[in-house]
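First comes the structure, then the notes that go with it.
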Amino acid sequence: MPSEQQVALVVGASRGIGRQVAIDLAKNGYTVVVAAKSTSDAYAMKPFPPDPNSPQSTISTVAREIKEAGGQSTAIPVDTRDFESVQRMVNETVKIYGHIDVLVYNSGAIWWSSVENTPMKRFQLMQRINPEGLYGTIQACLPHFKNQGWKARVIVVSPPIYSRFFRGKTAYAMGKVGMSVLTKGLAMDWEREGKKDMAITSIWPASSIKSAATGQITKVDPDAEKDLRKPEIYSDAILAMLRAPVADVNGLIDLDEDFLRDHEGVTDFSKYSIVEGAVPRRIMPAKFPDLTVAEQADEGRRTDSTKLRASKL
């Protein structure tokens with residue numbers, strides 16, 4: 001039965017930031033589809049809810065958390081490396097709820113090391129889950145966005161584009177920056193096509209957020225916890241992005257803290273600190289390069305491969 005509420009599909013929602021985003025979207029009135037690979041028997045889970053950054057947290061337990069808090073949710077398993085699996089996830093969401101109003105792509109694979117120490121299999125895994133998974137998910141959603149009269153929002157977990165980000169994690173950066181290029185490019189597509197109710201926005205943390213990944217660091221150095229924030233800062237920023245006018249956020253790549261400060265007027269971020277009274281270190285630059293050029297509006301001669309090479313589609 002079609003949902004009268006707005007429907008949010010959160011991909012990569014089994015634990016950590018994705019889980020928190022799904023839960024907070026539900027608290028704010030969204031029907032939420034939680035999607036990822038991991039499933040479980042949520043009603044056999046003890047204790048419940050499980051540690052949100054542990055393998056015991058799955059899309060099944062997150063959906064149960066949302067329902068027990070009074071929200072609407074469905075868990076749909078997906079392997080973002082497999083386009084057919086992605087298509088099934090999207091089609092099942094529309095079959096159940098009738099529409100997709102918000103897509104959040106949080107799935108990600110991480111390997112931070114030099115090129116020499118990044119094996120090919122690790123590189124391929126990151127490319128398949130990060131940029132390829134995002135591209136496939138958006139491709140699967142586009143026909144449904146069209147059926148909805150081109151009215152939806154897309155949120156992507158990817159960083160601002162600047163050279164320091166490449167250092168020490170080139171293979172990872174190639175995929176993540178590629179995701180940000182998709183944000184910029186698809187925003188341009190929608191703008192030039194007159195799709196005034198579509199927006200795609202990228203978000204990245206200004207300071208490290210507590211997660212399974214940061215847990216590996218704090219195990220070795222417990223003092224590092226003072227530099228961590230709660231994932232609620234991420235979901236609060238995403239909710240603010242969804243409230244913002246399309247013109248303000250289409251093609252925007254921003255940080256959680258900066259968006260809340262600039263668009264919501266937030267000045268006190270202390271409630272997000274894991275360690276009370278601590279001021280987590282900002283890991284991102286204070287200012288980012290402007291990617292536009294003086295000739296930005298000059299498109300030259302437009303080329304469309306679908307018209308030049310239709311037989312290759």
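Scope of the values below: all heavy atoms of this structure, side chains included, with no hydrogens, waters or symmetry mates.
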Above 12 or not: heavy atoms from other molecules or residues under 6.0 Å from [atom1] of [X]?
| X | atom1 | answer |
| --- | --- | --- |
| Glu276 | CD | no |
| Arg164 | CZ | yes |
| Glu191 | CD | no |

Task: Value rounded to 0.5 Å, distance of OG in Ser211 from CD in Gln216 - done: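 Rounded to the nearest 0.5 Å, the OG-CD separation comes to 8.5 Å.
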
Open item on the list: As a quick check of understanding, evaluate side chain to side chain donor-acceptor pair (under 3.5 Å) for Ser158 and Ser202, giving each step before the final call.
Closed with: CA-CA 6 Å; Ser158 66; Ser202 281; 2.7 Å; yes

- [ ] Can you label the angle between the Phe165 ring and the Tyr172 ring as parallel, tilted or perpendicular, going by 30° and 60°?
- [x]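 Ring orientation of Phe165 relative to Tyr172: tilted.
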
TODO: Could you label the plane-to-plane angle of the His263 and Phe259 rings as parallel, tilted or perpendicular, counting under 30° as parallel and over 60° as perpendicular?
DONE: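 His263 vs Phe259 ring planes: parallel.
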
Open item on the list: For Lys37 and Ile59: C-alpha separation, side-chain torsions, deciding distance, then whether side-chain contact (heavy atoms from CB on, under 4.5 Å) applies.
Closed with: CA-CA 8 Å; Lys37 280 184 67 179; Ile59 57 171; over 6 Å; no

TODO: Give the intermediate values and the outcome of salt bridge (charged side-chain N to carboxylate O under 4.0 Å, His left out) for residues Lys271 and Asp268.
DONE: CA-CA 8 Å; Lys271 69 177 182 179; Asp268 183 1; over 6 Å; no

Let me check something: any side-chain donor-acceptor pairs from residues 68-76 under 3.5 Å, sequence neighbours excluded? List them with distances.
residue	atom	partner	partner atom	Å
Glu68	OE2	Arg64	NE	2.7
Glu68	OE2	Arg64	NH2	3.3
Gln72	NE2	Gln5	OE1	3.3
Ser73	OG	Val32	O	2.9
Thr74	OG1	Tyr97	OH	2.5

Open item on the list: We want to know whether Glu116 and Ser114 form a side-chain donor-acceptor pair, criterion being a heavy-atom distance below 3.5 angstrom.
Closed with: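 Judged by distance alone, the side chains do not pair up.
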
- [ ] Could you verify whether a donor N or O on one side chain and an acceptor N or O on the other, from Ser85 and Asp79, lie under 3.5 Å apart?
- [x]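 Looking only at side-chain atoms, Asp79 and Ser85 do not form any donor-acceptor pair under 3.5 Å.
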
- [ ] Apply side-chain contact (heavy atoms from CB on, under 4.5 Å) to the pair Ile203 and Leu255, showing each step before the final yes or no.
- [x] CA-CA 5 Å; Ile203 182 171; Leu255 306 181; over 6 Å; no

TODO: Show your working on side-chain contact (heavy atoms from CB on, under 4.5 Å) between Leu186 and Met198 and close with a plain yes or no.
DONE: CA-CA 10 Å; Leu186 183 54; Met198 295 295 302; over 6 Å; no

TODO: Starting from the C-alpha separation in whole Å, work towards a yes-or-no answer on side-chain contact (heavy atoms from CB on, under 4.5 Å) for Ser40 and Ser60.
DONE: CA-CA 6 Å; Ser40 63; Ser60 310; 3.8 Å; yes

Open item on the list: Which heavy atom of Leu291 sits nearest to which heavy atom of Gln296, and what is that distance?
Closed with: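 Heavy-atom minimum between the residues: O-OE1, 4.5 Å.
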
Open item on the list: Using the rule given for side chain to side chain donor-acceptor pair (under 3.5 Å), can you reason through Thr58 versus Ser38, listing the C-alpha separation, both sets of side-chain angles and the distance that settles it, and then say yes or no?
Closed with: CA-CA 5 Å; Thr58 67; Ser38 59; 5.3 Å; no

Open item on the list: What I want to find out is whether Lys230 reaches Glu232 closely enough, with some N-O distance under 4.0 Å, to be called a salt bridge.
Closed with: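 No, Lys230 and Glu232 are not salt-bridged.
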
TODO: Is it possible for you to say whether Leu142 and Met179 belong to one hydrophobic cluster, with membership spreading through side-chain heavy-atom contacts below 4.5 Å?
DONE: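 Linked, Leu142 and Met179 end up in one cluster.
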
Task: Test log, rule salt bridge (charged side-chain N to carboxylate O under 4.0 Å, His left out), inputs Arg282 and Asp258 - done: CA-CA 11 Å; Arg282 183 180 173 105; Asp258 293 0; 2.9 Å; yes

